[in-house]
Chemist: 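First the structure, which I've put down as structure tokens, then a few questions once you've had a look.
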Number of protein chains: 2
Amino acid sequence: MTEPSRSQDIRIVAVALFYERGYHGTSMREIAARLNMRAPSLYNHLDSKQQLLQEIMTNDVELITREVSDAIATSQDVITRFRRGFEAHVRHHTRFARESRICMTELAALEEPAQSEVREARRRYAEIWRALIVQAVEQGRASTANPHLAANAIIDLGIGIARWYRADGPLTEATLAGTYSDFALNLIGTQKGN
Amino acid sequence: MTEPSRSQDIRIVAVALFYERGYHGTSMREIAARLNMRAPSLYNHLDSKQQLLQEIMTNDVELITREVSDAIATSQDVITRFRRGFEAHVRHHTRFARESRICMTELAALEEPAQSEVREARRRYAEIWRALIVQAVEQGRASTANPHLAANAIIDLGIGIARWYRADGPLTEATLAGTYSDFALNLIGTQKGN
DNA sequence: CCTACCGATCGGTAGG
DNA sequence: CCTACCGATCGGTAGG
């Protein structure tokens with residue numbers, strides 16, 4: 001049975017094309033062509049183009065939430081939690097740069113009710129960062145005046161990476177995660193080495 | 001003569017719609033409808049849909065480059081230059097949040113050679129930030145280990161603002177610029193109060 | 001998995 | 001500024 005791998009192939013090609021040309025700039029015929037198929041054959045593996053977009057976006061936001069939650073859970077120390085969480089955040093945006101950018105860029109192309117669900121999932125993700133920074137400030141380990149804005153800044157640093165990071169470039173994921181963690185720790189007003 | 005204001009109206013509506021639905025998700029008929037016109041009438045004021053996108057993107061990247069260059073030129077002190085430049089950077093992304101987001105999001109929809117020109121203009125803009133951070137480090141006023149990555153981070157902090165800032169929200173532009181300047185100064189390893 | 005094809009919509013032109 | 005209309009392309013279905 002080639003069924004599950006075929007569906008997977010379609011999703012991979014869809015990610016590549018939505019990333020390169022955007023959702024509305026990509027046709028089902030183009031997706032099919034990259035798989036040496038005709039467009040109608042795709043519909044043996046999926047319901048609609050919308051469903052494809054929805055799966056990509058939902059998967060991505062759920063994945064990063066899980067990755068960061070898991071990373072944060074590995075320590076009791078708030079600064080260690082912050083650093084490990086942020087490294088997971090950065091790594092996600094390097095490893096899934098295309099998915100992340102689609103999530104950021106194509107939200108308007110996602111129809112309701114899926115759009116609201118993704119927005120809500122993102123809001124919950126941001127809440128993790130807000131809570132963590134508030135906790136760090138309360139414990140006197142960080143000094144930012146505005147944890148809410150700091151959380152936005154932290155998230156945007158990661159999102160930005162998906163804009164310019166190239167896996168085939170000279171910059172390794174580990175170097176990037178390390179350097180950016182220093183940025184993030186500085187930003188919220190901790191001292192390096194914590 | 002209603003000519004120049006009409007062209008301006010069209011550009012304003014195009015910005016609003018490209019922002020809301022994306023370039024490929026917006027039809028010329030929709031742009032016309034918001035102006036109580038029919039689509040063919042638009043072509044008395046413009047050559048093509050592409051031209052509309054190109055003007056929006058070129059204008060925006062040239063404007064932010066001018067704004068930040070001017071802000072930087074008002075001081076000799078490298079940290080003051082950095083802070084004033086960054087405040088201009090932040091203010092641009094609040095005042096022109098829609099244009100900025102279109103620039104970020106719709107680059108793939110811009111055809112060549114315009115796309116390469118915008119990419120090049122953006123590269124020059126990033127170069128301003130790299131040079132400024134390198135200078136700050138050389139003068140011992142900042143301590144970041146990687147000015148190139150720091151410049152990316154600084155730019156991404158601004159871009160991120162365009163993602164979530166709402167002019168009708170409780171957060172004023174001045175508060176945001178002030179708080180974010182602290183973030184940026186911390187990030188590159190200066191001490192507050194410089 | 002394919003061919004054949006549907007109605008809808010696209011950017012843009014002709015002509016006034 | 002409009003109506004009328006062009007060829008191209010879209011997502012998706014029928015039927016095998």
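In this text the structure is predicted, and so the values were computed from the model without any measurement. Each chain gets a letter, A, B and so on, in the order its sequence line appears, and its residues count up from 1.
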Chemist: Can you tell me how the ring of A:Phe86 sits relative to the ring of A:Trp129, calling it parallel under 30°, perpendicular over 60° and tilted otherwise?
Modeler: perpendicular

Chemist: CD of A:Gln76: more than 12 outside heavy atoms within 6.0 angstrom?
Modeler: no

Chemist: Using atom CZ of A:Arg21 as one end and atom P of D:dC10 as the other, report the distance to the nearest whole Å.
Modeler: 10 Å

Chemist: Whom does D:dC5 pair with, Watson-Crick or G-U wobble, provided both distances fall under 3.5 Å?
Modeler: C:dG12

Chemist: Let me know the distance between CG of B:Asp9 and C1' of D:dC1, rounded to the nearest Å.
Modeler: 15 Å

Chemist: For B:Ile10 and C:dG12, give me the distance from atom CD1 to atom C1', rounded to whole Å.
Modeler: 15 Å

Chemist: Is any side-chain N of the basic residue among B:Glu120 and B:Arg124 closer than 4.0 Å to the acidic one's carboxylate O?
Modeler: yes

Chemist: Within this structure, what is the OH-to-P distance between B:Tyr43 and D:dT3, rounded to whole angstrom?
Modeler: 16 Å

Chemist: Nearest to the side chain of A:Asn44 - D:dG12, C:dC1, D:dC1?
Modeler: C:dC1

Chemist: With salt bridge (charged side-chain N to carboxylate O under 4.0 Å, His left out) as the criterion, how do A:Glu127 and A:Arg130 come out once you've worked through the C-alpha distance, each side chain's angles and the decisive distance to 0.1 Å?
Modeler: CA-CA 5 Å; A:Glu127 197 51 53; A:Arg130 270 192 284 280; 3.2 Å; yes

Chemist: Are any non-hydrogen side-chain atoms of A:Phe18 and A:Arg101 less than 4.5 angstrom apart?
Modeler: no

Chemist: What I want to find out is whether B:Glu67 reaches B:Arg91 closely enough, with some N-O distance under 4.0 Å, to be called a salt bridge.
Modeler: no

Chemist: Calculate the interatomic distance between B:Leu46 atom CG and C:dG12 atom C1'; express it in whole Å.
Modeler: 11 Å

Chemist: Can you tell me how far C1' of D:dT13 sits from CG of A:Leu42, to the nearest Å?
Modeler: 14 Å

Chemist: Please list residues of residues 23-39 of chain A whose heavy atoms come under 4.0 Å from any atom in DNA chain D, ordered by number; otherwise none.
Modeler: A:Thr26, A:Ser27, A:Met28, A:Arg29

